[in-house]
Number of protein chains: 2
Amino acid sequence: MSLPHALLTALIERPSSGFDLAARFDKSMAYFWQASHQQIYRELARLEEAGWVQSSVDESGRGGRKVYEVLAAGREELRRWVAEPTDPRPLREELMVRLRADAAVGPCGLQHEIARRLALHQAQLAEYQTIEQRDFAPGNDHRAQRLQHLVLQAGILMESMWCEFSERALAILNEPEPEAGAGSPAADQTPGPASS
Amino acid sequence: MSLPHALLTALIERPSSGFDLAARFDKSMAYFWQASHQQIYRELARLEEAGWVQSSVDESGRGGRKVYEVLAAGREELRRWVAEPTDPRPLREELMVRLRADAAVGPCGLQHEIARRLALHQAQLAEYQTIEQRDFAPGNDHRAQRLQHLVLQAGILMESMWCEFSERALAILNEPEPEAGAGSPAADQTPGPASS
DNA sequence: CGGGGCATGTAACCTGTTACATGATTAG
DNA sequence: CTAATCATGTAACAGGTTACATGCCCCG
C-alpha cells in the first residue's frame, strides 16, 4: 500500500541500493513499516518502470551494486501522496481474539502469554525512551527533526498503551476464581463493543 | 492467521450461518478483527474439512441456509490456540510513513488529513464510551463480562492515543514556518527510532 | 412480474512471507 | 580453498480485497 512511498522517502533521505534499503528498513523505519529484501527489489523495479527512480550500476564496489536515486517525477508523486486522504486502516489484533476466545471457553492459561508480552513491551518502551533522550535534546526547533521526534513519540505512546493494557488483563486473568469452572457457562449474548 | 479461531469463537458464542457471521463480524468483532463474507465462506469450508465444525442445512428458513456448530475437536483446538505464544506483530502505520515523507520533502498540507483523522478518532472514542456506559455497569464480576469489557477498553485506549497523537502532530504541522522553505534541506542522517 | 434483500459462492488480483538460487568479493 | 558476507534476484504460496455470478424469496 505505501511501500513504494516509503521507499521513495528513504531514497530521498539517502540514495541507496536495494541491499542498503533492506538494512535501513531494519533500523530507522522498522517499528512502523517493514519490508523484506524480496519486496524491496520487486518494488524498486516497479518504481523504476514508473519513471520515479533511476538506477545506476556502481562498478567500483562489489559486483552489480545498483544505486537508486529519486527523479523529479518521484518527488512529485511523493508530495501528491502525502496529502492524499486515507482512512485509518482498522486494527487487526490477534490478542483480542484470544481474550474473547478465553471469555467464551473459559480459562486457558492465557496469563502466561500476556505476562511474556508485558515484558516485551516494557523492554521496547525502555529502548525507545533511551533513544529519545539520546537523539532528541529539548531545544530542537527544526521542523524535520520535530516530526521525526513525533514519530518516535508515537512508538512510545503505543508501547505505554500496551503495558497498561497488559497489566489490566493480568489483573483479571490472575484473579482467583470461585470454582475451577467447567468449559463454558452462559456466554451467549455478546454485548461487546460496536453496534450503533 | 487467526481468522479460523475468531470464527470458532463466534460460533461458540452462537451457532450461525456464514451470512450471519459476516454480519456479526461487522458488529461485535469489527474493531479488532474484520473479515469479508468471501473469506468467511472460504474459511468455514476449511473448518468443516478439518472436522472442527459441522454444518446442517436449515430447510425451514430461506433456501440453502447452512448453520454451523462447533464440534468437540474445534473447542479443543481453540483452547490449544489461546495459550499458544505468539509475538506481537509489528505495526504497519501508513500515517507515520507520511509524516516521515513530509519531513523529507517539506510541508505538503498534511495537517488537513490529520485534522480529519482527529475528528474520526474523537467520534469513535465517543462511541466506545457510550457503549461502555450502556453495556458495562460498575458491578459486574463475571469473568467473561470483565474480559469483554477489557477488550472494549483496549479500543478506548487506542482511540485516546490516536487523539493525543493527532493533536501533537497538528501542533507541529500548523506552526508558522520562518521561511516558506524550499524542497528538502539537509534531511540526511536519519537519527530516527530503533537501532539499539 | 420485477426489484430488492437474503444467502452462497468463484475468479482474479495484490501484498507479503518463505524458500530457494546465484554469483562476486573478502578473510582466514 | 573454503566459508562468510555482500548483493541481487525467482518461485511458490498464503491471506486479504474486489469484482462478479447465482439463485431464492418476499413485497409491491
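By convention in this document, chain letters (A, B, ...) are assigned in the order of the sequence lines, proteins followed by strands, and residues within each chain are numbered from 1.
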> Mind checking whether B/H121 and B/W162 have parallel, tilted or perpendicular rings, split at 30° and 60°?
Replying inline: parallel
OP1 or OP2 of C/dT8 sitting under 4.0 Å from any side-chain N/O of B/Y41?
yes
From CG of B/D20 across to P of C/dT8 the rounded distance in Å is 8 Å
| query | Can a donor-acceptor pair under 3.5 Å be found between the side-chain atoms of A/R92 and the base atoms of D/dG16? | reply | no
To the nearest angstrom, the CD-C1' distance between B/Q39 and C/dT8 comes to 16 Å
Rounded to whole Å, CG of B/L21 lies from P of C/dT8 at a distance of 9 Å
For this session: Under 4.0 Å between any heavy atoms, over every strand shown, what does A/R46 touch: base, sugar-phosphate, or nothing? Just pick one.
Result: sugar-phosphate
Of D/dT8, C/dG16, C/dA7, the nucleotide closest to the side chain of A/R65 is D/dT8
- Query: Do the side-chain N or O atoms of B/S17 get closer than 4.0 angstrom to the phosphate oxygens (OP1, OP2) of C/dT8?
  - Reply: yes
message = Would the distance check show the side chain of A/D102 and the main-chain N or O of A/C108 forming a donor-acceptor pair, the cut-off being under 3.5 Å?
response = yes
Between B/T86 and A/E94, do the side chains contain a donor N or O and an acceptor N or O under 3.5 Å apart?
yes
- Item | Side-chain donor-acceptor pair present, B/Q34, A/R92, cut-off under 3.5 Å | yes
Atom CD1 of B/I40 and atom P of D/dG15 are separated, to the nearest Å, by 15 Å
Here the distance between atom P of C/dT8 and atom CG of B/L44, to the nearest Å, is 9 Å
* Same cluster or not: are B/L91 and B/M161 linked, directly or through other Ile, Leu, Val, Met, Phe, Trp or Tyr residues, by side-chain heavy atoms under 4.5 angstrom apart? -> yes
Rounded to whole Å, the CD-P distance (A/Q34 to C/dT17) equals 8 Å
When B/Q38 and B/R42 are each assigned the nearest nucleotide of DNA chain D, the 5'-most assignment goes to B/R42
Atom NE2 of A/H37 and atom C1' of C/dC20 are separated, to the nearest Å, by 10 Å
Separation of D/dA7 atom C1' from A/K66 atom NZ, nearest Å, is 11 Å
